[in-house]
Amino acid sequence: MSAESPASGAPAAPTDFIRDLVAADVAAGRHARIITRFPPEPNGYLHIGHAKSICLNFGIAREHGGVCHLRFDDTNPAKEDIEYVESISRDVQWLIAGWADHCLGLKPRGATPAATPGSATPDFHLAAAGAGEREAFFASDYFEALHAYAVELIRRGKAYVCDLTPEETDAYRGAPDQPGRDSPYRDRTVAENLDLFARMRAGEFPNGARSLRARIDMASPNVWLRDPLLYRIRHTAHHHAGNRWCIYPLYDFAHCLSDYIEGITHSICTLEFEVHRPLYDWILQSLDLSRTLPHQYEFAKLNISYLVFSKRRLLQLVENNLVAGWDDPRMPTLSGARRRGIPAAAIRRLASLVGVTKYDSLTDIALFEHAIREELNPLALRRLAVLRPLKIVLTNLAPGEEIPCLATNNPQDPEPTTRPLALTRELFIEAEDFAEVPPPKFFRLKPGGEVRLKYACIISCQQVVKDAAGQVTELHCTADLTTRSGQPDADRKVKGTLHWVSATRGVPAKVQLYDRLFAVPEPAASDDFRVHVNPRSLETVTAVVEPALASAQPGDCFQFERLGYFVPDARDSAPGRPVFNRTISLKDAWTAKGPARA
RNA sequence: UGCCCGAUGGUGUAAUGGUAGCACAAACGACUCUGACUCGUUUUGUCUAGGUUCGAGUCCUAGUCGGGCAGCCA
């Protein structure tokens with residue numbers, strides 16, 4: 001077991017009930033190699049909830065030297081699209097990069113498994129690494145094999161073709177508290193079933209006219225055992241399989257067998273599939289398969305306060321233009337998080353922090369925000385930027401005079417580097433860092449008061465200049481240059497230190513201030529979650545930033561001192577003209593308390 | 001009112017019959033050229049009732065509360 005070293009700053013390898021079960025299987029020597037899978041349906045974008053599953057499945061694989069297959073569970077062509085195949089592949093690789101890339105199970109492009117049920121050899125051989133171009137697994141690549149398994153089930157008298165309409169099928173199924181009734185087609189002969197199933201495949205019947213059903217027990221207290229459908233007729237082309245098929249397997253039939261075909265040892269899914277587990281086992285056991293059967297385990301999916309995760313709601317946000325798309329930095333999608341500047345490692349850290357249980361919980365978004373800051377703090381280069389500028393004139397400096405200063409790039413570095421900065425007569429500070437009538441314990445600038453300009457010197461506020469409307473337009477201050485670093489009074493203490501940017505050397509930059517998408521802790525709990533979208537979830541300002549920021553590139557990561565973490569937007573930035581996204585603000589013990597909250 | 005699953009501080013989790021611990025959050029304090037970081041201190045918990053046991057958060061029974069399941073979705 002390769003535990004992550006706590007000394008490296010990464011969280012220790014987590015433990016949970018599923019990992020315990022896997023460890024027990026390994027200890028008992030039940031598997032030569034651990035193979036898990038992450039099986040998204042390509043009908044939407046991946047979100048932080050999926051990330052929990054990805055981290056679990058890839059995490060288990062990497063802890064045991066195993067592999068985790070990326071498999072598209074694409075058995076419903078009507079809802080799926082290649083766009084999602086691509087975005088999902090991209091997002092998975094981003095999330096596991098530098099952590100579990102070596103565990104990502106892919107197959108040679110175009111490869112399909114042998115379609116010989118009952119064969120003693122594995123249905124799907126993983127080609128040796130490096131053998132040409134590779135791609136994810138697709139359930140649709142197994143359609144031929146799956147069909148053969150269905151035929152085998154019919155031969156064994158365990159499946160039959162049913163002519164009931166969808167409505168009739170519903171009625172015959174009964175209710176949870178009352179048993180269903182047998183379909184009148186339940187006792188067709190094997191020969192008749194084989195013939196009908198062949199004709200279903202041949203396209204002789206319209207959509208919904210017939211279906212293939214498992215023959216189990218219409219009186220079972222578990223409704224999923226009441227002769228569940230295995231195949232339905234859909235005259236629809238498939239995004240991956242093309243137009244070879246007009247019958248498509250349903251999830252319950254395809255999933256367990258896909259797991260078997262790939263040699264999955266632990267099939268881990270969310271709680272809503274718990275009642276499907278007996279069916280998962282029934283199908284595999286009914287086929288007398290030669291290899292070790294996979295087993296399904298369930299865990300509770302992730303919920304985070306102030307967010308929504310359901311595909312339906314995410315789609316509504318996009319379609320109603322409440323956000324600017326799937327990758328809007330406010331979206332809880334992986335592509336949104338990436339654009340927002342949230343490191344993949346922060347999401348992995350969150351997954352480790354929340355653990356894995358069967359309890360339907362609601363995680364405080366503060367835990368996620370904590371994980372993001374933990375990840376960013378040691379990495380982000382410190383920079384000075386003023387979001388809402390208030391002009392300061394240092395009256396004892398001459399126009400054009402420049403006082404050189406040295407700024408630390410990252411104090412978290414064991415050996416921090418520095419960059420030069422120039423203090424000039426005119427500069428900007430944050431408007432909220434000045435108060436004409438300061439509240440109690442206001443450590444910032446006030447009339448007659450003193451503050452330190454970070455990396456520069458202490459200034460003192462001499463005069464407040466206002467316009468005709470009484471608005472403060474600028475402050476006249478004097479700089480005490482003896483308090484600069486290296487000067488005699490460098491250690492003189494003042495209560496407040498402010499960030500600042502030279503008015504003559506600073507450059508304007510668009511900054512997008514993102515905040516929580518929703519204003520209430522449980523938006524999904526109300527009738528219309530859309531009314532709870534936080535009106536201040538995005539505020540765009542023209543900031544003035546220090547010169548070094550003008551050359552910022554997407555992929556860079558900054559902390560604007562005293563403000564928060566920011567990244568150049570990968571989409572909106574132009575060369576030399578970066579647009580910054582606020583990933584997250586710094587933790588703030590001052591405004592959080594309320595006195596200065598607008 | 002059928003079946004399945006769950007319940008430990010405000011939140012998320014650990015304790016695998018033997019001292020209820022950790023993280024986040026909150027509060028206070030120290031430090032500070034970031035009201036950040038870091039460090040210290042503190043507050044708050046085993047759903048209820050029975051039972052088994054020398055001993056129960058853990059095992060059993062019943063109840064309460066919460067979640068899931070009746071798509072030709074996954």
Side-chain angles (χ1 to χ4, degrees), chain A residues 11 14-17 20 39-41 43 73-76 78-80 162 164-166 169-170 173-180 207-213 220-226 228-234 248 250-252 254-255 269-278 298 300 305 311 353-371 373-374 377-378 382 384 407-408 411-412 441-444 451-458 483 485 490-499 559-564 585-593:
Chain A
T15 179
D16 53 66
F17 78 99
D20 290 346
E41 184 187 16
N43 70 343
D73 214 348
D74 54 351
T75 56
N76 186 2
K79 293 189 171 182
E80 298 155 6
C162 180
L164 255 21
T165 65
T169 305
D170 279 351
R173 187 158 30 232
D177 57 350
Q178 62 193 49
N207 289 349
R210 290 187 221 261
S211 62
L212 183 73
R213 292 228 252 167
S220 171
N222 182 341
V223 295
W224 288 101
L225 259 22
R226 318 240 269 223
L229 273 77
L230 269 21
Y231 269 88
R232 78 287 224 187
I233 300 173
R234 285 283 174 279
Y248 291 96
L250 278 107
Y251 166 84
D252 288 296
H255 203 91
C269 60
T270 47
L271 248 25
E272 66 267 30
F273 294 100
E274 212 162 12
V275 289
H276 293 242
R277 184 166 10 115
E298 311 86 12
S305 61
K311 277 180 185 170
L353 251 19
V354 297
V356 179
T357 66
K358 301 184 79 158
Y359 177 70
D360 185 27
S361 62
L362 179 64
T363 295
D364 192 336
I365 195 171
L367 193 63
F368 185 28
E369 296 174 339
H370 167 75
R373 293 186 182 110
E374 281 281 299
N377 182 37
R382 271 55 177 181
L384 262 23
T408 305
Q412 305 284 325
K441 302 188 92 172
F442 186 78
F443 299 159
R444 310 174 185 190
V451 292
R452 177 175 285 278
L453 295 181
K454 181 127 197 190
Y455 306 125
C457 63
I458 292 173
T483 60
S485 181
D491 291 335
R492 183 150 78 82
K493 304 293 181 198
V494 284
K495 210 61 175 134
T497 299
L498 307 185
H499 58 280
Q559 183 197 103
F560 291 178
E561 296 214 36
R562 298 211 312 135
L563 295 172
S585 63
L586 249 31
K587 201 173 161 192
D588 183 354
W590 167 244
T591 54
K593 270 181 215 178

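Throughout, protein chains are lettered first and strands after them, A, B, ... in sequence-line order, and every chain is numbered starting at 1.
Considering only the side chain of A:Arg173, B:rC72 comes nearest among B:rC69, B:rC72, B:rA74. Nearest to the side chain of A:Lys454, among B:rC3, B:rC33, B:rA74, sits B:rC33.
Between B:rU48 and B:rU43, the two P atoms lie 22 Å apart (nearest whole Å). Between B:rC3 and B:rU46, the two C1' atoms lie 28 Å apart (nearest whole Å). Between B:rA36 and B:rA20, the two P atoms lie 35 Å apart (nearest whole Å). B:rU16 and B:rC60: their P atoms are spaced 16 Å apart (whole Å). Separating the C1' atom of B:rA49 from that of B:rC65 is a span of 15 Å, rounded to the nearest Å. The same atom, C1', is picked in B:rA26 and in B:rG9; the two are 12 Å apart, to the nearest Å. For the P atom pair drawn from B:rU19 and B:rU52, the interatomic distance equals 23 Å after rounding to whole Å. Going from the P atom of B:rU41 to that of B:rG35 covers 25 Å, rounded to whole Å.
Across all strands, A:Leu212 comes closer than 4.0 Å to no nucleic acid atom at all (heavy-atom distances). Note on A:His499: nothing from the nucleic acid sits closer than 4.0 angstrom, heavy atoms only. Counting any heavy atom pair closer than 4.0 Å across all strands shown, A:Asp73 reaches sugar-phosphate atoms only and no base atom. As judged by a 4.0 angstrom heavy-atom cut-off over every strand, A:Arg234 is placed among the base-contacting residues. Counting non-hydrogen atoms under 4.0 angstrom, A:Thr408 reaches nothing in the nucleic acid. Here A:Val275 lies in heavy-atom contact (under 4.0 Å) with a base. When heavy atoms are screened at a 4.0 angstrom cut-off, A:Ala456 is found touching base atoms of the nucleic acid. Using a 4.0 Å heavy-atom cutoff across all strands shown, A:Tyr248 reaches no nucleic acid atom at all.
To the nearest 0.5 Å, atoms CZ (A:Arg232) and OG1 (A:Thr169) are separated by 13.5 Å. Between the NE2 atom in A:His255 and the CG atom in A:Asp73 there is a gap of 5.5 Å [rounded to 0.5 Å].
Distance A:Leu250 CG to B:rA70 P: 13 Å, rounded to the nearest Å. The distance from atom CG of A:Asp177 to atom C1' of B:rA70 is 10 Å, rounded to the nearest whole Å. At whole-Å resolution of the value, CZ in A:Arg277 and P in B:rC3 are 17 Å apart. Here the C1' atom of nucleotide B:rC72 and the CG atom of A:Asp252 are 12 Å apart, to the nearest Å. We find that CG of A:Leu229 is positioned 13 Å from P of B:rA70, with the value rounded to whole Å. One can place OH of A:Tyr251 at 13 Å from P of B:rC69, the figure rounded to the nearest angstrom. Rounded to an integer number of Å, the gap from A:Asn43 CG to B:rC73 C1' is 8 Å.
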From CA spacing to verdict: side-chain contact (heavy atoms from CB on, under 4.5 Å), A:Thr408, A:Tyr455: CA-CA 8 Å; A:Thr408 305; A:Tyr455 306 125; 4.1 Å; yes
Steps toward side-chain contact (heavy atoms from CB on, under 4.5 Å) verdict (A:Arg213, A:Arg226): CA-CA 9 Å; A:Arg213 292 228 252 167; A:Arg226 318 240 269 223; over 6 Å; no
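Closest heavy-atom contact between A:Tyr251 and A:Thr75: N-OG1, 4.3 Å.
Atom NZ of A:Lys311 has more than 12 neighbouring heavy atoms from other residues, nucleotides or ligands inside a 6.0 Å radius.
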B/S/- contact track for nucleotides 35-46 of chain B, protein heavy atom under 4.0 Å: BSSS--------
For RNA chain B, the dot-bracket pattern of Watson-Crick and G-U pairs whose distances stay under 3.5 Å, | for other-strand partners: .((((((..((((....[..)))).(((((.......)))))....(((((..]....))))))))))).....
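OP1 or OP2 of B:rC73 sits under 4.0 Å from a side-chain N or O of A:Arg232.
Nearest-nucleotide positions on RNA chain B place A:Tyr455 closer to the 5' end than the other of A:Tyr455 and A:Cys162. Mapped onto RNA chain B by nearest heavy atom, A:Gly174 and A:Glu561 fall at different nucleotides, with A:Glu561 at the one closer to the 5' end.
For B:rG71, the O4'-C1' to base torsion is within 90° of 0; the nucleotide is therefore syn.
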List, with names and distances, any nitrogen or oxygen atoms from the protein found under 3.5 Å away from nitrogen or oxygen atoms belonging to nucleotides 10-20 of chain B.
from: B:rU11; atom 1: O3'; to: A:Leu362; atom 2: O; distance (Å): 3.0
from: B:rU11; atom 1: O2'; to: A:Leu362; atom 2: O; distance (Å): 3.2
from: B:rU11; atom 1: O2'; to: A:Asp364; atom 2: N; distance (Å): 3.2
from: B:rG12; atom 1: OP1; to: A:Leu362; atom 2: N; distance (Å): 3.0
from: B:rG12; atom 1: OP1; to: A:Leu362; atom 2: O; distance (Å): 3.4
from: B:rG12; atom 1: O3'; to: A:Ser361; atom 2: OG; distance (Å): 3.4
from: B:rG12; atom 1: O2'; to: A:Val354; atom 2: O; distance (Å): 3.2
from: B:rU13; atom 1: OP1; to: A:Thr357; atom 2: OG1; distance (Å): 3.0
from: B:rU16; atom 1: O4; to: A:Asp20; atom 2: OD2; distance (Å): 2.7

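Comment: A:Arg277 engages A:Glu298 in a salt bridge, judged by a side-chain N to carboxylate O separation of less than 4.0 angstrom.
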